[in-house]
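First the structure, in the form of C-alpha cells, and then the observations on it.
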Amino acid sequence: SRNGLPSLSLGVGGLTSSASLGPPLLRSAFSALSVAPHRSQGGLDFLLGGDQASTVYGSAARLYFYSGQSQRLVLLTLAFQTKNFIDTVLHDDGIVFMLHHVATGALAVFALQPYLHLYAPFFFGISEISTLFIAVLVLFDEHHGIKELGERFPLLMSATGVIFAVLFVLLRVLVWPAVGLHFWRDGLAQLYNADTTAGVAPMHSPPVVYLFLLVNIGLTTLQLVWLKEIIDQAFVLASGGKIAGASSTSGSNLQKPKEH
C-alpha cells in the first residue's frame, strides 16, 4: 500500500498498544512493524511527487483533491485502527487508547469522501515513521517483550530509544503543528467561504469539517502529553532505570531500580 491522510495522529495513526501478556504485546509490535513501513512509504512517495500534488491550488481543491495513494493509505489506516481498537478492548488498555483508535478510524472513514487527501501523506504516512522505532523498542520490554533482549543488546535498545525520541519530536512536535496550521486555514476558509481564488465549492458536510478540526485539537494535545512521557522516561533511563512495561503509545513505561 502507498498512501497517507491526516490522522492528526497520532497519529497518532496507530502506535502499539499495551498488553498484559507477552504474546499479545509481541503481536502488537509485529503488527506495527508490518504496517508502519507501508504507511510511511506511502507518505514519502506522495511527498516526492505522487499524483502531482504540487499542482493543487485553492482551499477547496486542496480539501477535495483525490489521490489514489492517499485512498489506499486511508483504507490501510482504517483496518489498522480497527485491529488496534480490538486489541485495546481485549487487553484493557484504557479509555484514552480506545478514543484514539476510534477518532483516527473515524477520520479514515470520512476521508474516503475523498476529503483531505492532500494532507494524508503527512498525518497518515510520514508521521508514522516514529511508530516503526517504538514497535522495535517494545521488544526490549523486560516483562512483556523478548526475555533478556535488553540485557544482551543494551546499546541497540538505547539507540532505538534515541532515534524514536528524535523522530517523535521532529515529526509530531515540530512539523505536526506546522502542517496542522495549513490544514486549519483551508478548513476555516471552506467553512466561511473565504477562498475565492479557485471558486469555493459547497462543503460536502459541515459536521465532518468541524469533526476533523476538533479531533486535530485532541490529537495534537495527545502528542504533547506523549512528549512529556518521553521526557520523564528519558530522565528515568538517565538515572539507571529500565524499560519495565509498555502501557502507552509514546513508549514503554520505565521504572527506577529499587534502592537498597
Side-chain angles (χ1 to χ4, degrees), residues 1-17 28-56 61-87 97 100-135 167-168 170-172 175-176 178-180 182-184 186-187 204-205 208-209 211-213 215-216 218-220 222-223 249:
S1 297
R2 318 166 96 203
N3 302 60
L5 175 111
S7 137
L8 319 170
S9 115
L10 57 281
V12 133
L15 300 177
T16 55
S17 301
S28 285
F30 177 77
S31 178
L33 286 169
S34 300
V35 175
H38 293 289
R39 296 176 66 184
S40 301
Q41 179 191 3
L44 291 171
D45 286 349
F46 189 99
L47 182 67
L48 295 175
D51 292 341
Q52 298 180 342
S54 61
T55 63
V56 180
R62 287 191 294 270
L63 291 175
Y64 296 105
F65 167 75
Y66 174 79
S67 163
Q69 291 179 334
S70 293
Q71 191 81 336
R72 289 191 294 273
L73 185 58
V74 167
L75 291 172
L76 177 60
T77 298
L78 177 58
F80 190 48
Q81 293 306 324
T82 300
K83 183 267 184 191
N84 281 343
F85 179 79
I86 294 173
D87 282 348
F97 294 105
H100 171 266
H101 299 320
V102 169
T104 305
L107 296 182
V109 170
F110 292 122
L112 296 171
Q113 171 64 21
Y115 184 59
L116 293 173
H117 279 196
L118 191 63
Y119 290 97
F122 176 76
F123 288 112
F124 277 0
I126 295 173
S127 67
E128 295 298 331
I129 294 176
S130 61
T131 302
L132 176 62
F133 293 92
I134 188 60
L167 288 174
F168 185 93
L170 175 63
L171 297 176
R172 293 176 175 260
V175 179
W176 181 294
V179 178
H182 290 285
F183 156 71
W184 268 81
D186 282 345
H204 70 293
S205 174
V208 168
V209 177
L211 174 65
F212 271 83
L213 294 175
V215 171
N216 178 252
L219 292 176
T220 300
L222 204 53
Q223 309 309 313
T249 52

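Reckoned from all heavy atoms, side chains included, excluding hydrogens, waters and symmetry mates.
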Practice task
Please say which of Leu116, Val215, Leu211 ends up in a side chain to side chain contact (heavy atoms under 4.5 Å, CB included) with Phe110.
Solution key: Leu211

Fill in the blank from the handout: Value for CZ (Phe123) from CG (Leu219), rounded to nearest 0.5 Å, stands at 9.5 Å

Problem - Inter-residue atom distance Phe97.CZ - Phe85.CZ, 0.5 Å rounding - result: 13.5 Å

Handout entry: Side chains of Pro114 and Ser70 in contact at under 4.5 Å (non-hydrogen atoms)
Key = no

Exercise for the section: Give a yes or no on whether the backbone of Leu171 and the side-chain of Ser127 come within a donor-acceptor separation of less than 3.5 Å. Expected result: no

Handout entry: Side-chain (Tyr119) to main-chain (Phe124) donor-acceptor, under 3.5 angstrom
Key = no

Problem - Non-neighbouring partners of Leu75 that pass side chain to side chain contact (heavy atoms under 4.5 Å, CB included), sequence neighbours left out - result: Leu112

Practice task
State, to 0.1 Å, how close Phe183 and Asn216 come at their nearest heavy-atom pair, and which atoms those are.
Solution key: CE2-CB, 3.8 Å

Exercise for the section: With rounding to the nearest 0.5 Å, note down the distance linking NE2 in His117 to OH in Tyr66. Expected result: 7.0 Å

Completion exercise
Separation between CD (Gln81) and OG1 (Thr104), nearest 0.5 Å, reads 4.5 Å

Problem - Residues which pass side chain to side chain contact (heavy atoms under 4.5 Å, CB included) with Leu167, listed by chain and number, not counting sequence neighbours - result: Ile129, Ser130, Phe133, Ile163

Problem - Polar contact flag, side-chain donor to acceptor under 3.5 angstrom, Gln223-Thr220 - result: no

Practice task
Mind checking the CD-OG1 spacing from Glu128 to Thr77? Nearest 0.5 Å is all I need.
Solution key: 7.0 Å

Exercise for the section: Give, for atom OH of Tyr64 and atom NE2 of His204, the distance between the pair rounded to the nearest 0.5 Å. Expected result: 5.0 Å

Problem - Nearest heavy atoms of Tyr115 and Val209, plus distance in Å - result: OH-CG2, 3.4 Å

